[in-house]
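Heads up, the thing below is written out as structure tokens.
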Amino acid sequence: MVDIPRRSLLAGIAALGAGACARVSDSEAGQSLFDTAEDWHRKAQRALAGRQRLAPEYSRADVSPDFKGNGSLTVDTSAYRDELASGFTGWRLAVGGLVEAPFALTMDQIRALPQRTQVTRHDCVEGWSAIGEWTGPQLSGLLDRARVKPEANFIVFRCADTLYGRDYYESIDMVDANHPQTIIAHLLNGDPIPEKNGAPLRMRIERQLGYKHAKYLTGIEAVASLDDIGDGKGGFWEDFGNYQWYAGI
Ligand SMILES: Nc1nc2c(c(=O)[nH]1)N[C@H]1C(S)=C(S)[C@@H](COP(=O)(O)O)O[C@H]1N2
Ligand SMILES: [Mo]
């Protein structure tokens, strides 16, 4: 799938603003520029429609008996062990960055939001898959509430764990952030998410590979650029140079 940068699409359309259009469309070169840009716009629309497609959903009967844990299987801090023991009563999910109205939610507040439940297949780049039923609020609802500023281009996910001494993090663009199946899950197969699978909160970004689905989620940040986060490649594994930032499936 071709990923058409939103910025260049908008720039292309802006370049064809009314004034410019009247001027260039008189010449043959102008007309062909217009055709090309129209073509570009049509292709961009088609690519966007592709990005908005739903991932396949399965029935509860298809759920894998044990959803494998991968990468970090816990958070190795006493603060996390205390939270785990107390049922995550002190856990907070912070929503901030380039937003008008930052806020933080407790687990009770997250459970009280409108919920989406979806049975989907998780595909890890290492070559295994598992089907699980995930429940939680849609990310788009939280972003609407925070009122994301127009200059934000990406959503960054902050996690409580470290792997090889670095903070795990991930990021997605606004198309995936507003995808209906992008949810902040707190239930797996109807139960609180197990420790190994990212308790108490983990992302589900169903049109992308497993490493994008940040576990042990503590924060959601709207940003204009990924350059100043980690090594600037948009995610923990991306920074290592192993995997692509866009992991569409
Ligand atoms: N915070 C955090 N999120 C993470 C990881 C991790 O190590 N830490 N591993 C990623 C990878 S590679 C995969 S395949 C999935 C694994 O999710 P699971 O443990 O529920 O199978 O989580 C992803 N999200
Ligand atoms: Mo993975």
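When a ligand or atom number is given, it counts from 1 through the structure's own listing order.
- Taking every non-hydrogen atom of Lys196 and a distance limit under 4.0 Å, the qualifying atoms of ligand 1 come out as 19 (O).
- Within ligand 1, counting atoms from 1 as listed, the ones closer than 4.0 Å to a heavy atom of Gly71 are 7 (O).
- For Trp237 and Tyr169, the ring centers sit 6.0 Å or farther from each other.
- Taking a 6.0 Å sphere around CD of Gln115, one finds it holds more than 12 heavy atoms contributed by other residues, nucleotides or ligands.
- With ligand atoms numbered from 1 in the order given, ligand 1 contributes 9 (N), 12 (S), 14 (S), 16 (C), 18 (P), 19 (O), 21 (O) to contacts under 4.0 Å with heavy atoms of Asn70.
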request  = Apply the test side-chain hydrogen bond (donor to acceptor under 3.5 Å, both in side chains) to residues Gln118 and Glu206: give CA-CA distance (whole Å), side-chain angles for both, the deciding distance (0.1 Å), then the verdict.
outcome  = CA-CA 10 Å; Gln118 57 203 30; Glu206 304 294 357; 3.1 Å; yes

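- Of all atoms in ligand 1, numbered sequentially from 1 with element shown, those under 4.0 Å from a heavy atom of Trp128 are 14 (S), 21 (O).
- Screening Pro200, Pro137, Pro192 for a side-chain contact (heavy atoms from CB on, under 4.5 Å) involving His186 leaves a single residue, Pro137.
- Counting heavy atoms only, Arg202 comes closest to atom 17 (O) of ligand 1 of the residues Lys68, Arg202, His213, Lys212.
- Using a 4.0 Å heavy-atom cutoff, Met203 is absent from the residues neighbouring ligand 1.
- Residue, atom and distance of the protein heavy atom nearest to atom 1 (N) of ligand 1 are Asp161 OD1, 2.7 Å.
- Counting protein heavy atoms only, atom 7 (O) of ligand 1 is closest to Ser72 N, 2.8 Å.
- In terms of protein heavy atoms, atom 11 (C) of ligand 1 is closest to Tyr211 CA, 3.7 Å.
- For ligand 1, the atoms closer than 4.0 angstrom to any heavy atom of Leu163 are 7 (O).
- We find that Asp66 and Lys196 are joined by a salt bridge, their nearest charged nitrogen and carboxylate oxygen being less than 4.0 Å apart.
- Annotation: Lys215 places an N or O atom under 3.5 Å from an N or O atom of ligand 1; distance criterion only.
- Ranking the protein heavy atoms by distance from atom 14 (S) of ligand 1 puts His122 NE2, 3.2 Å first.
- A single hydrophobic cluster is not seen to contain both Leu98 and Phe157; linkage of ILVMFWY side chains at heavy-atom distances under 4.5 Å, directly or through other members, places them apart.
- Per-residue contacts place Cys124 under 4.0 angstrom from the following atoms of ligand 1 (heavy atoms of the residue considered): 14 (S).
- Residue-ligand proximity, Cys159 to ligand 1, at heavy-atom distances under 4.0 Å covers atoms 1 (N).
- Ion pairing between Asp231 and Arg166 holds under the 4.0 Å rule for side-chain N and carboxylate O.
- With a 6.0 Å cutoff to the six-membered ring centre and a 45° limit on the axis angle, Lys68 counts as a cation-pi contact of Trp128.
- Counting heavy-atom neighbours within 6.0 Å of Asp227 CG, excluding the residue itself, gives a total above 12.
- Compare Phe67, Tyr168, Trp134 by their heavy atoms: the one nearest to atom 6 (C) of ligand 1 is in Tyr168.
- No heavy atom of Glu126 sits closer than 4.0 Å to any atom of ligand 1.
- Here the two rings, on Tyr211 and Trp245, have centers that are 6.0 Å apart or farther.
- Tyr80 and Tyr164 end up in different hydrophobic clusters when Ile, Leu, Val, Met, Phe, Trp and Tyr side chains are linked at under 4.5 Å.
- Among all non-hydrogen protein atoms, the one lying nearest atom 23 (C) of ligand 1 is Gly210 O, 3.3 Å.
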